[in-house]
**Q** 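There's a structure below that I have some questions on.
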Amino acid sequence: MTKRQFSTRLIHDSEEPRIEGAVSLPIFQSATYRATSGDETTYDDIRYLRLSNSPNHQRLAQKLAGLCEAEAALVTGSGMAAISTTLLSLVKTGDHILAQDCLYGGTLSFLHEEAPGLGIDVDFVDAEDPDSWAEVCRPQTRLFYVETMSNPLLKVPDLPAVVDFCQQHSLTSLIDNTFASPALFQPLSMGFDVELHSATKYLNGHSDIVAGCVASTREHISTITHRLNHLGGILDPHACFLLHRGLKTLELRMTQQCHNAQMLAERLQEHPDVSQVHYPGLSSHPAHQRASEWFGGCGGVLSFSVVGDGARAQRLLNQLTLAVDAPSLGGVETLVSRPAVSSHAGQSAQQRQTLGISDQLIRVAVGIEAAQDLWDDFEQALDASAPQSEVVAMEDS
Ligand SMILES: *Cc1c(COP(=O)(O)O)cnc(C)c1O
C-alpha cells in the first residue's frame with residue numbers, strides 16, 4: 001500500500017485498536033495500573049504515570065513518531081522539559097556542546113546558567129556560516145544544537161551543512177523544529193539525529209497547554225525516557241488528550257497560518273510606515289532560497305520594524321483589536337509582542353543591537369483568522385499609532 005498523505009496520517013495514524021470502540025481515545029486518568037504478569041513482573045512491565053506509559057502517552061508518542069518519520073518519540077511536560085532532559089541525556093561532565101547563537105530564550109538560559117555548573121562547556125556559533133564551526137569543535141564536543149527558524153528574525157541555519165559536519169566529526173545533531181512543525185519540515189529525513197518540539201505551539205495549536213516532544217531513534221528515545229523517569233517532567237493524561245486532539249488539525253492550521261503570514265508580510269512591506277519585514281516567504285529575506293528549497297512553507301511567525309521609536313511600536317500594539325499582545329506562538333489566535341521587552345528583555349540594549357533587535361521591532365505569530373481581517377487590523381493600528389496621532393494617543397492613555 002502506498003504511504004498515505006500527511007493530512008490523512010494526522011487523523012488516522014495510531015488510532016486503532018479503538019478502545020471500547022471509542023472513536024476518540026478516552027483520557028486514562030489513572031496514576032497506576034494493575035500488574036499483568038504476576039510473579040514475573042519486571043521493571044519494564046510496571047505501568048505508572050511518571051513512566052509515560054499510559055495509553056494516552058503511548059498512542060500519542062507513536063503518532064508523533066510516525067509524523068516525524070522517527071522510530072520512536074516521547075511526550076514531555078513542556079518544550080523545556082524535552083530540551084533539558086534530552087541535553088542531560090546526551091552530555092555529561094567534561095563534554096562540550098556547539099550551539100547556534102540565536103536560540104530560544106529558555107534554551108539559551110539553560111545553556112548559560114545550568115551547563116557550566118554541571119561541567120559542560122558550550123560554544124555558540126553562527127549557524128549560517130559553516131566555515132566558522134571547525135575552529136571551535138573539540139575532541140570533547142558531543143553535539144550540535146540548532147533551530148529550524150530563529151526567533152524573531154527567522155534566520156535559517158545551513159541545515160544540510162550541520163548534518164554533514166556532525167557526520168564528519170561524530171557529533172549528534174539536534175534540531176528544535178517548533179517553528180516549522182513536521183507539517184512543513186522533516187529534519188530526520190534530512191539526516192538530523194534528534195528532533196525537538198515545544199508542542200505548546202503548532203502541534204497543539206490552541207494556546208491551552210504546555211507540552212513537549214522528542215523524536216529520534218529507538219535507542220535515543222529509550223535513553224531520554226529513562227532520564228525523564230528520574231527528572232519527572234512528564235505530561236499529564238488530560239494534556240495528552242488535548243495535544244492528541246489539537247494535532248489532528250495541524251496541517252489545516254499551518255496552511256492557513258502560512259497563507260496569513262505571507263499576505264501580512266507582503267502588505268506590511270509595502271506600507272510607508274514599515275521599514276523592514278522579516279519573513280522567509282519574502283524574496284528580500286536572506287533565507288528565502290533555503291526555506292523555499294527545504295520547507296513546505298515558511299510558517300506563521302514574522303517580524304517587522306515600524307518607523308519611529310519603541311513608544312510608537314507599543315502604541316501600535318495597543319491599537320490592535322484582533323491580535324493579542326502576549327508571548328508564545330502557534331495558536332489559532334494571532335499574538336503580537338515586542339521582543340525588546342519580552343523574549344529579549346533580559347539582554348542589554350547593546351546586546352540587542354548586535355542581534356538586530358530594535359525597540360521598534362514587532363513579532364507577529366499569526367493565527368487562522370481571515371487574512372483580510374488581520375490586515376485591516378494592522379492597517380488601522382499603523383495609522384492610529386502614527387506620530388501625528390501621538391497627542392491623541394497619549395491623551396487616551
Ligand atoms: C516555546 C518554545 C520553547 C519552549 O517550550 P515550552 O513549551 O514553553 O517549554 C522551545 N523552543 C522554541 C523554539 C519555542 O518557541
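Nothing here was measured: the structure is a model prediction, and the numbers come from that model.
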**Q** Mind checking the CG-CD spacing from Leu264 to Gln257? Nearest 0.5 Å is all I need.
**A**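 Rounded to the nearest 0.5 Å, the CG-CD separation comes out at 12.0 Å.
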**Q** Closer than 4.0 angstrom, basic N to acidic O: yes or no for Arg338 and Asp325?
**A**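 So Arg338 does not pair with Asp325 through a salt bridge.
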**Q** Under the salt bridge (charged side-chain N to carboxylate O under 4.0 Å, His left out) rule, what pairs show up with a residue in residues 112-127, not counting sequence neighbours?
**A**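 Residue pairs with at least one partner in residues 112-127: Asp121-Arg138, Asp123-Arg138.
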**Q** Please identify each residue that fulfils side chain to side chain contact (heavy atoms under 4.5 Å, CB included) with Ala261, with sequence neighbours left out.
**A**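 So Ala261 forms a side chain to side chain contact (heavy atoms under 4.5 Å, CB included) with Tyr279, Leu302, Val366.
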**Q** Do other residues, nucleotides or ligands put more than 12 heavy atoms under 6.0 Å from the CD atom of Gln372?
**A**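 Yes.
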**Q** Taking salt bridge (charged side-chain N to carboxylate O under 4.0 Å, His left out) as the definition, give me every residue that meets it alongside Glu266, ordered by chain and number, with sequence neighbours left out.
**A**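 Result, salt bridge (charged side-chain N to carboxylate O under 4.0 Å, His left out) vs Glu266: none returned.
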**Q** Quick check: does any side chain N or O of Arg253 sit under 3.5 Å from a backbone N or O of Gly246, one acting as donor and the other as acceptor?
**A**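 At least one qualifying donor-acceptor pair exists.
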**Q** Could you verify whether a donor N or O on one side chain and an acceptor N or O on the other, from Gln314 and Asn318, lie under 3.5 Å apart?
**A**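 A pair is found: one side chain offers a donor N or O, the other an acceptor, under 3.5 Å apart.
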**Q** Shared ILVMFWY cluster between Tyr202 and Ile175, side chains joined below 4.5 angstrom?
**A** yes
**Q** Using the ring-ring contact (aromatic ring centres under 6.0 Å, His included) rule, take His112 and Phe124 through it: C-alpha gap first, then chi angles, then the decisive distance, then the call.
**A** CA-CA 10 Å; His112 278 299; Phe124 294 92; 4.9 Å; yes
**Q** Looking at Gln353, I'd like to know if its CD atom is crowded, meaning that more than 12 non-hydrogen atoms belonging to other residues, nucleotides or ligands lie closer than 6.0 Å.
**A**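 No, the 6.0 Å shell around CD holds no more than 12 heavy atoms from other groups.
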**Q** With clusters defined by side-chain heavy atoms of hydrophobic residues (ILVMFWY) lying less than 4.5 Å apart, directly or transitively, does Ile209 cluster with Val214?
**A**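 Shared cluster, no.
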**Q** So, does His271 use its side chain to make a donor-acceptor pair with the main chain of Asp273 at under 3.5 Å?
**A** yes
**Q** Residues sharing Val332's hydrophobic cluster, by side-chain heavy-atom contacts under 4.5 Å among ILVMFWY, directly or via others?
**A**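 Taking Ile, Leu, Val, Met, Phe, Trp and Tyr as members, Val332 shares its hydrophobic cluster with Ile368.
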**Q** Can you name the residues that form a side chain to side chain contact (heavy atoms under 4.5 Å, CB included) with Gln58, not counting sequence neighbours?
**A** Arg47, Asn53
**Q** Any side-chain heavy-atom pair from Leu355 and Gln347 closer than 4.5 angstrom?
**A** yes
**Q** Salt bridge between Glu15 and Lys63, side-chain N to carboxylate O under 4.0 Å?
**A**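 A salt bridge links Glu15 with Lys63.
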**Q** Are Ser150 and Gln100 close enough that a side-chain donor and a side-chain acceptor fall under 3.5 Å?
**A**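 No - no donor-acceptor pair under 3.5 Å links their side chains.
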**Q** Hey, any chance Ile11 and Leu203 share a hydrophobic cluster, counting ILVMFWY side chains that come within less than 4.5 Å of each other, even indirectly?
**A** no
**Q** So, the side chain of Ser216 versus the backbone of Asp193: is there a donor-acceptor pair under 3.5 Å, distance only?
**A** yes
**Q** Rounded to the nearest 0.5 Å, what separation is found between the CG atom of Leu243 and the CG atom of Asn204?
**A** 5.5 Å
**Q** Taking C-beta and beyond as the side chain, do Tyr145 and Ser173 meet within less than 4.5 Å on heavy atoms?
**A**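 SC-SC contact between Tyr145 and Ser173 ruled out.
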**Q** With a 4.5 Å heavy-atom cut-off, do Val91 and Leu143 have their side chains touching?
**A**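 SC-SC contact between Val91 and Leu143 confirmed.
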**Q** Taking the side chain from Thr107 and the backbone from Leu103, do they hold a donor-acceptor pair closer than 3.5 Å?
**A**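 No: the side chain of Thr107 does not pair with the backbone of Leu103.
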**Q** Where the side chain of Trp133 meets the backbone of Asp129, is there a donor-acceptor pair that is under 3.5 Å apart?
**A**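 Yes; judged by distance alone, with no hydrogens or angles, the pair exists.
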**Q** Can you spot which of Val194, Thr86, Leu74 makes a side chain to side chain contact (heavy atoms under 4.5 Å, CB included) with Ile221?
**A**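 Result: among Val194, Thr86, Leu74, Leu74 is the only option passing the side chain to side chain contact (heavy atoms under 4.5 Å, CB included) with Ile221.
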**Q** Side-chain heavy atoms nearer than 4.5 Å, only ILVMFWY residues, links allowed to pass through others: does that put Ile120 and Leu111 together?
**A**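 As far as the 4.5 Å side-chain criterion goes, Leu111 and Ile120 are connected within one cluster.
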**Q** Is it true that Arg227 and Thr85 share a donor-acceptor pair across their side chains at a distance under 3.5 Å?
**A**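 On atom types as modelled, these side chains do not qualify, holding no pair under 3.5 Å.
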**Q** Going from CZ on Phe192 to CG on Leu174, what distance comes out if it is rounded to the nearest 0.5 angstrom?
**A** 9.0 Å
**Q** May I ask you to test the Phe144-Ile97 pair for a side-chain heavy-atom distance under 4.5 Å?
**A**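 No; the side chains remain at least 4.5 Å from each other.
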**Q** Indicate yes or no for a side-chain donor-acceptor contact from Ser222 to the backbone of Arg218 under 3.5 Å, with no hydrogens or angles considered.
**A**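 No, because the side chain of Ser222 does not come within donor-acceptor range (under 3.5 Å) of the backbone of Arg218.
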**Q** If you take all heavy atoms of Ile357 and Pro339, which pair is closest and at what distance?
**A** CG2-CB, 3.9 Å
**Q** What pair of heavy atoms forms the shortest contact from Ala82 to Leu196, and how long is it?
**A**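 Heavy-atom minimum between the residues: O-CD2, 3.7 Å.
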**Q** Please list, chain by chain and in numerical order, all residues satisfying side chain to side chain donor-acceptor pair (under 3.5 Å) with Arg142, sequence neighbours excluded.
**A** Asp95
**Q** Where does the angle between the aromatic ring planes of His226 and His230 fall among parallel (under 30°), tilted (30 to 60°) and perpendicular (over 60°)?
**A** perpendicular
**Q** Judged by atom type as modelled, is there a donor-acceptor pair below 3.5 Å linking the side chain of Gln186 to the main-chain atoms of Pro182?
**A** yes
**Q** Between the side chain of His206 and the main-chain N/O of Asp208, is any donor-acceptor distance below 3.5 Å?
**A**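 Here the side-chain-to-backbone pair does not exist.
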**Q** Which residues pass the side chain to side chain donor-acceptor pair (under 3.5 Å) test with Thr321, not counting sequence neighbours?
**A** Asp377
**Q** Taking the side chain as C-beta and beyond, is there a heavy-atom pair between Val75 and His57 under 4.5 Å?
**A** yes
**Q** Taking salt bridge (charged side-chain N to carboxylate O under 4.0 Å, His left out) as the test, write out the residues that go with Asp13, two or more places apart.
**A** Arg9
**Q** If you measure from CD on Glu251 to OG on Ser181, what distance do you get to the nearest 0.5 Å?
**A** 8.5 Å
**Q** Looking at Arg18, I'd like to know if its CZ atom is crowded, meaning that more than 12 non-hydrogen atoms belonging to other residues, nucleotides or ligands lie closer than 6.0 Å.
**A** yes
**Q** Report yes if some heavy atom in the side chain of Phe304 is under 4.5 Å from a heavy atom in the side chain of His278; otherwise report no.
**A**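 Side-chain contact under 4.5 Å: no.
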**Q** Give the table of side-chain donor-acceptor pairs shorter than 3.5 Å for residues 152-170, with sequence neighbours excluded, one pair per line with atom names and distance.
**A**
{"from": "Asp158", "atom 1": "OD1", "to": "Ala161", "atom 2": "N", "distance (Å)": "3.4"}
{"from": "His169", "atom 1": "ND1", "to": "Phe165", "atom 2": "O", "distance (Å)": "3.0"}

**Q** Would you check if the side chain of Ser348 reaches a backbone N or O of Gln351 as a donor-acceptor pair within less than 3.5 Å?
**A** yes
**Q** Ignoring hydrogens and geometry, is there a side-chain-to-backbone donor-acceptor pair from Gln269 to Gln276 under 3.5 Å?
**A**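 Absent.
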**Q** Does Ala81 have any side chain to side chain contact (heavy atoms under 4.5 Å, CB included) partners at least two apart in sequence or in another chain, and if so, which?
**A**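 Here the qualifying residues are Thr76, Ser78.
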**Q** Do Phe28 and Tyr33 have side-chain heavy atoms sitting under 4.5 Å apart?
**A** yes
**Q** Just wondering, more than 12 heavy atoms not from Glu16 lying within 6.0 Å of its CD?
**A**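 Atom CD in Glu16 is crowded, with more than 12 foreign heavy atoms closer than 6.0 Å.
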**Q** Name all residues meeting the side chain to side chain contact (heavy atoms under 4.5 Å, CB included) criterion together with Ser275; count only those two or more places apart in sequence or in a different chain, and write none if there are none.
**A**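 Ser275 satisfies side chain to side chain contact (heavy atoms under 4.5 Å, CB included) with Ser305, Val307 once adjacent residues are dropped.
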**Q** Answer whether the closest heavy-atom distance between the side chains of Val146 and Asp176 falls below 4.5 Å.
**A** no
**Q** Any pair with a residue in residues 356-369 that passes salt bridge (charged side-chain N to carboxylate O under 4.0 Å, His left out), sequence neighbours left out, goes on the list, sorted by first then second residue, please.
**A** none
